[in-house]
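What follows is one structure encoded as structure tokens, with my remarks underneath.
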Amino acid sequence: MDREVGRRIRHRRLRKRVMGFPERPRLCVFRSHQQLYVQLVDDFAGKTLCGWSTKDARLKSLERLGNVAAASALGALVAADAAKRGVTRVVFDRGGYLYHGRVKALAEAIRAGGILV
């Protein structure tokens with residue numbers, strides 16, 4: 001089985017249980033080889049509230065954008081921006097990826113920023 005096919009199967013299985021609401025939106029993660037993308041989604045209204053990626057101009061000082069350090073920096077940025085929007089709790093949608101490496105660093109940095117994941 002191809003790795004991407006397996007990830008999509010895991011993600012579909014995960015999405016059966018994970019749902020975002022206005023008071024607790026879903027924080028979904030997409031991981032490419034060179035970048036990391038994060039979105040806050042209200043599934044009840046069917047809208048994306050906000051999105052971030054390692055392509056953000058505020059992260060241009062980083063040498064590489066696809067590693068654990070970049071994921072931690074992105075997590076701090078997401079936590080700060082989400083707090084400004086009044087979001088204090090999120091449902092973490094890891095997108096079928098293992099909770100390891102960049103995905104784990106992102107979640108821990110968001111928790112350290114004061115958002116309950």
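The first residue of the sequence shown is numbered 1, and numbering continues consecutively from there.
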Suppose we screen for salt bridge (Lys or Arg N to Asp or Glu O under 4.0 Å). Which residues come up paired with [X], at least two apart in sequence or across chains?
{"X": "R26", "answer": "D43, D93"}
{"X": "E4", "answer": "R7, R8"}
{"X": "R10", "answer": "none"}

Going by the rule side chain to side chain contact (heavy atoms under 4.5 Å, CB included), which residues pair with [X] if we only count those two or more places apart in sequence or in a different chain?
{"X": "T88", "value": "none"}
{"X": "D81", "value": "W52, R58, L77, K84"}
{"X": "L65", "value": "Q35, T54, L62"}
{"X": "R31", "value": "L36, Y97, R102, V103"}

- [ ] Taking all heavy atoms of A109 and all of A76, pick out the closest pair and write down the distance.
- [x] CB-N, 3.9 Å
Apart from [X] itself, which Ile, Leu, Val, Met, Phe, Trp or Tyr residues share its cluster (side-chain heavy atoms under 4.5 Å, direct or through members)?
{"X": "V18", "result": "L14, V91"}
{"X": "F44", "result": "M19, F21"}
{"X": "L98", "result": "none"}

Task: Non-neighbouring partners of D42 that pass side chain to side chain donor-acceptor pair (under 3.5 Å), sequence neighbours left out - done: none
Open item on the list: I'd like to know whether CD of Q34 has more than 12 heavy-atom contacts from other residues, nucleotides or ligands below 6.0 angstrom.
Closed with: no
Taking only distance into account, with no hydrogens and no angle test, what donor-acceptor pairs under 3.5 Å do side-chain atoms of residues 110-117 form with protein atoms, sequence neighbours excluded?
residue : atom : partner : partner atom : Å
R111    : NH1  : Y99     : OH           : 3.0

Task: Hydrophobic cluster membership, V41 vs Y37, 4.5 Å side-chain cutoff - done: no
